[in-house]
Number of protein chains: 2
Amino acid sequence: MNFERRNTGSKRASATLLSRAERLCRDKNLRFTPMRRRVLAELAASPEPLTAYDLADRVREEKRVAPVTVYRALEFLLDAKLIHRIVIRNAYTPCDHAPHHDATPVFLVCTHCGTVEEIPSETFQHDLSGTIAEVGFRPKSRVFEIEGECARCAKRQPASAI
Amino acid sequence: MNFERRNTGSKRASATLLSRAERLCRDKNLRFTPMRRRVLAELAASPEPLTAYDLADRVREEKRVAPVTVYRALEFLLDAKLIHRIVIRNAYTPCDHAPHHDATPVFLVCTHCGTVEEIPSETFQHDLSGTIAEVGFRPKSRVFEIEGECARCAKRQPASAI
DNA sequence: CGATAGAATGATATAACATAACAGTCAACG
DNA sequence: CGTTGACTGTTATGTTATATCATTCTATCG
Ligand SMILES: [Zn+2]
Ligand SMILES: [Zn+2]
Ligand SMILES: [Zn+2]
Ligand SMILES: [Zn+2]
């Protein structure tokens with residue numbers, strides 16, 4: 001993999017996400033504890049999604065933590081819609097969209113640099129819902145994830161030499 | 001189309017799938033070994049997707065096998081497009097569609113009875129591809145999975161009492 | 001037929017991801 | 001204060017997947 005040109009992970013993005021989290025927790029009377037903040041900060045600072053064990057390793061550099069502690073923080077952040085789980089990676093990534101859209105986004109996961117792009121899916125989801133209603137299925141949660149090559153990586157090696 | 005009467009583990013469905021596998025392997029000069037046949041038969045006979053360890057347990061009733069052996073059979077069957085992996089379940093299910101369609105199907109996974117329904121997604125995928133091209137992403141593989149209540153289960157307990 | 005090369009499987013170990021169970025800590029509130 | 005509920009610590013275990021190397025099978029060729 002080539003991680004030279006990482007996007008995100010900037011101080012700007014981290015600060016934005018952290019202050020958003022603070023506001024949200026104040027408003028909803030949730031507790032934005034040091035552990036939760038720390039986990040969210042690590043995710044916001046990473047150019048690619050991190051697994052729970054990745055996070056445990058990073059937090060451990062400062063303070064001993066067991067994986068289960070990280071999983072609890074992740075659960076909180078997922079419930080608060082501050083992060084998403086990337087199922088095909090067993091990993092977690094901060095949410096890119098400030099007030100979160102209603103429809104489940106589509107995640108584009110780059111096999112080359114590992115970055116994840118989150119794109120809204122209102123229209124597709126609407127179209128799909130017709131077909132799904134036809135077969136009588138009542139959806140509760142969705143996973144739309146696509147693996148491939150992101151624009152930046154495609155540009156750098158155009159022929160996509162596997 | 002009517003998807004209600006899906007693979008419920010009937011001998012009919014199993015036989016169909018197994019003979020399809022045999023034909024396909026003969027045509028492509030692949031080896032449809034006893035282990036691969038056995039794993040496919042177990043999947044075809046199950047009303048819901050099975051994990052590799054589920055499969056190992058079932059095969060073990062007749063003959064001792066290690067999980068890795070099952071994983072190898074699954075890999076073969078996945079490559080041959082005879083089965084699919086249901087990512088949100090870490091489980092495997094036979095493919096319902098005889099000559100497999102080109103687009104990645106959408107899988108509807110029932111949280112109540114565990115069954116999986118495979119539906120084509122040509123239009124959905126087509127719509128998505130426009131947006132994805134806009135951001136310069138080159139897709140290689142896709143996961144579209146929706147969790148919810150299937151028609152049969154919705155019928156049995158209409159109010160969907162959680 | 002017997003040698004042999006490649007594919008498949010066996011066997012063991014370990015990695016990677018996730019949860020259970022219970023004890024201790026801390027903050028809020030009356 | 002003392003109680004209560006939320007959070008975290010600690011240990012153990014469950015679940016899913018892969019690495020590595022030895023052995024067996026199968027097709028092919030001399
Ligand atoms: Zn989001
Ligand atoms: Zn990339
Ligand atoms: Zn299929
Ligand atoms: Zn059902």
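Residues that satisfy the ring pair (Phe, Tyr, Trp, His ring centres under 6.0 Å) test with A/H97, not counting sequence neighbours, are A/H101. For B/D127, the side-chain hydrogen bond (donor to acceptor under 3.5 Å, both in side chains) test picks out no residue, with sequence neighbours left out. In this view, B/T111 and A/K140 satisfy the side-chain hydrogen bond (donor to acceptor under 3.5 Å, both in side chains) rule, not counting sequence neighbours. With sequence neighbours excluded, the residues that form a side-chain hydrogen bond (donor to acceptor under 3.5 Å, both in side chains) with A/R38 are A/E42, A/E62. Applying the side chain to side chain contact (heavy atoms under 4.5 Å, CB included) rule to B/Q125 yields the partners B/A103, B/T104, B/S121, B/R142, B/F144; only residues at least two apart in sequence or on another chain are considered. Applying the side-chain hydrogen bond (donor to acceptor under 3.5 Å, both in side chains) rule to A/T131 yields no partners; only residues at least two apart in sequence or on another chain are considered.
Taking only side-chain nitrogens and oxygens, B/T69 never comes nearer than 4.0 Å to OP1 or OP2 of C/dT9.
Ion pair A/R85/A/E75 not flagged as a salt bridge, since none of the NZ, NE, NH1 or NH2 atoms sits closer than 4.0 Å to an Asp/Glu carboxylate oxygen.
Under a 4.5 Å side-chain heavy-atom criterion applied to ILVMFWY residues, the cluster that includes B/V68 comprises that residue alone.
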Annotated protein contacts, base or backbone, on nucleotides 13-30 of chain C with a non-hydrogen cut-off under 4.0 Å, one of B, S, - each:
----BBBBB---------

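For residues 62-87 of chain B, the pairs satisfying ring pair (Phe, Tyr, Trp, His ring centres under 6.0 Å) are B/H84-B/H100, B/H84-B/F107, with sequence neighbours left out.
Within residues 105-112 of chain B, no residue has any heavy atom under 4.0 Å from DNA chain C.
Between A/C110 and A/C113, the shortest heavy-atom distance links the atoms SG-N, 3.4 Å. Across B/P94 and B/L17, no two heavy atoms sit closer than the pair CB-CD2, 3.3 Å.
One axis for each end of the helix from C/dC1-D/dG30 to C/dG30-D/dC1, each built from five base pairs, and the angle between them comes to 10° at 10° resolution.
Position along DNA chain C of the nearest nucleotide to B/T33 versus B/A66 favours B/T33 as the more 5'-ward residue.
Rounded to the nearest 0.5 angstrom, A/L40 CG and A/L82 CG are separated by 6.0 Å.
Between B/E48 and B/T115, the side chains place no donor N or O within less than 3.5 Å of an acceptor N or O (distance only, hydrogens not considered).
Think of the region where chain A sits on DNA chain D: with heavy atoms and a 4.0 Å cut, that region ends 5' and 3' at D/dA6 to D/dT11.
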